[in-house]
Amino acid sequence: MRPVDLAREHGLSTQAIRNYEDAGILPAAERTVHGHRTYAPLHAQALRAFLALVPGHGHRTATSIMQAVNREAVEDALRLIDESHGRLLDDRRTLQAVEAALRDLAPVAAEHGDAFIGPLARRLGIRPATLRKWERAGLVRPRRDPRTGYRVYSAADVRDARLVHQLRRGGHLLEQIAPLIAQVRSAGGVAPLEATLHDWRARLSARGRAMLAGAAGLDAYLCARERRGD
């Protein structure tokens, strides 16, 4: 088949097909006596496999997987898939830690106005050095007074400090707290966070399903290569 025939099935341009071949995503095409590319059903299977892999693994990893298969390094391709699944598992564990932290979290009162490090530390019953440690970890982000250079904690900063304090008292590690604080900031506070967590869960589930579809597509391509003796 011609490049245009392969491209048409997936709504791609013929240049995209040539680019995929040049990148090693597709096996090398046969050439006519005039130098024109011709593709076989195996190329169509490779293209389907790649396009199935992209939603779950991302373009870069999907490219690396197909390149490995096409150079007969199937074990390398399987390792890349395992690593991608490992990242998904890590993301699921992070989400679970965030959800567990929120379940254990006492209500945090709304904050008004700015605070300096000393008074804030006294209110929380901690040392200023602890607040500085949390700042280095990115958990609180006070600004600096341009005249004195002192740390100034806004209402949102105080909210974050209170959250960190409560989570630390609950036994959570700083690396477990960091994604929660990031989610609170992106959501604009604790109250809207449930919707954010719902969306996060949905994205992880979609990724997991996409990985299953990608695995099916890649397995079909591997079987086609084996039938051809590649």
Side-chain angles (χ1 to χ4, degrees), residues 1-99 175 179 182-183 186 195-230:
M1 67 183 77
R2 301 167 300 167
V4 66
D5 300 320
L6 191 57
R8 188 177 293 128
E9 178 185 351
H10 301 284
L12 299 171
S13 68
T14 54
Q15 185 59 51
I17 299 299
R18 288 190 285 267
N19 291 343
Y20 287 159
E21 182 189 344
D22 292 341
I25 294 168
L26 305 181
E30 298 291 333
R31 296 279 183 159
T32 68
V33 293
H34 300 293
H36 299 303
R37 290 177 169 88
T38 61
Y39 294 107
L42 184 69
H43 294 91
Q45 195 72 62
L47 180 59
R48 292 188 199 105
F50 172 69
L51 295 176
L53 288 165
V54 169
H57 298 273
H59 193 280
R60 179 180 297 181
T61 299
T63 296
S64 298
I65 291 168
M66 295 301 296
Q67 289 171 337
V69 169
N70 289 328
R71 66 171 185 268
E72 304 295 337
V74 175
E75 289 300 319
D76 289 346
L78 295 177
R79 176 182 53 78
L80 289 166
I81 291 170
D82 289 343
E83 289 173 352
S84 195
H85 278 280
R87 287 190 291 272
L88 177 60
L89 181 58
D90 286 342
D91 289 346
R92 286 192 184 280
R93 286 172 173 160
T94 298
L95 173 59
Q96 289 169 355
V98 169
E99 290 175 325
E175 55 265 30
Q183 289 292 324
S186 64
T196 301
L197 292 177
H198 182 272
D199 291 343
W200 191 358
R201 284 192 297 270
R203 288 195 302 272
L204 292 180
S205 294
R207 241 170 86 198
R209 290 289 299 272
M211 284 182 174
L212 291 176
L218 181 62
D219 185 62
Y221 177 50
L222 290 172
C223 289
R225 287 176 64 88
E226 289 169 358
R227 287 194 295 270
R228 279 191 40 149
D230 291 348

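Numbering starts at 1 and runs along the sequence shown. Model, not experiment: these values are computed from the prediction.
Here the shortest heavy-atom pairing between Gly214 and Leu53 reads O-CD2, 3.6 Å. Scanning all heavy atoms of the two residues, the minimum distance from Arg207 to Arg87 falls at NH2-C, 3.9 Å. The two residues Arg225 and Val69 have their closest heavy-atom pair at NH2-O, 3.5 Å. Nearest heavy atom pair, residue Arg92 against residue Leu204, reads NH2-O, 3.3 Å. When all heavy atoms are compared, the tightest approach of Ala49 to Gly217 is CB-O, 3.5 Å. Scanning both residues, Asn70 and Gly24, for their nearest heavy atoms gives ND2-O, 2.8 Å.
From Ile17, atom CD1 reaches atom CG of Leu6 across 4.0 Å, with rounding to the nearest 0.5 Å. Rounding to the nearest 0.5 Å gives a distance of 12.0 Å between CG of Leu12 and CZ of Arg18. Note that CD1 of Ile65 and CZ of Arg79 are 10.0 Å apart. Values are rounded to the nearest 0.5 Å. Considering OG1 of Thr63 and NE2 of His57, their distance stands at 12.0 Å, rounded to 0.5 Å. Rounding to the nearest 0.5 Å gives a distance of 10.0 Å between CZ of Arg203 and CG of Asp91. To the nearest 0.5 angstrom, Leu222 atom CG is 10.0 Å from Gln45 atom CD.
None of Arg2, Glu21, Met1 except one satisfies the side chain to side chain contact (heavy atoms under 4.5 Å, CB included) rule with Arg37; the exception is Glu21.
Environment of CZ in Arg31: crowded, with over 12 heavy atoms of neighbouring residues, nucleotides or ligands closer than 6.0 Å. More than 12 heavy atoms of other residues, nucleotides or ligands lie within 6.0 Å of CD in Glu9, so this atom counts as buried by the packing criterion. By the 6.0 Å contact criterion, CZ on Arg71 is enclosed, its count of non-hydrogen atoms from other residues, nucleotides or ligands being greater than 12.
Considering only heavy atoms from C-beta on, Leu26 stays 4.5 Å or farther from Met66 through its side chain.
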The test is salt bridge (Lys or Arg N to Asp or Glu O under 4.0 Å); show your working for Arg8 and Asp5 and say whether it passes. CA-CA 5 Å; Arg8 188 177 293 128; Asp5 300 320; 3.5 Å; yes
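Using cut-offs of 30° and 60° for the angle between ring planes, the His59 and Tyr20 rings count as tilted.
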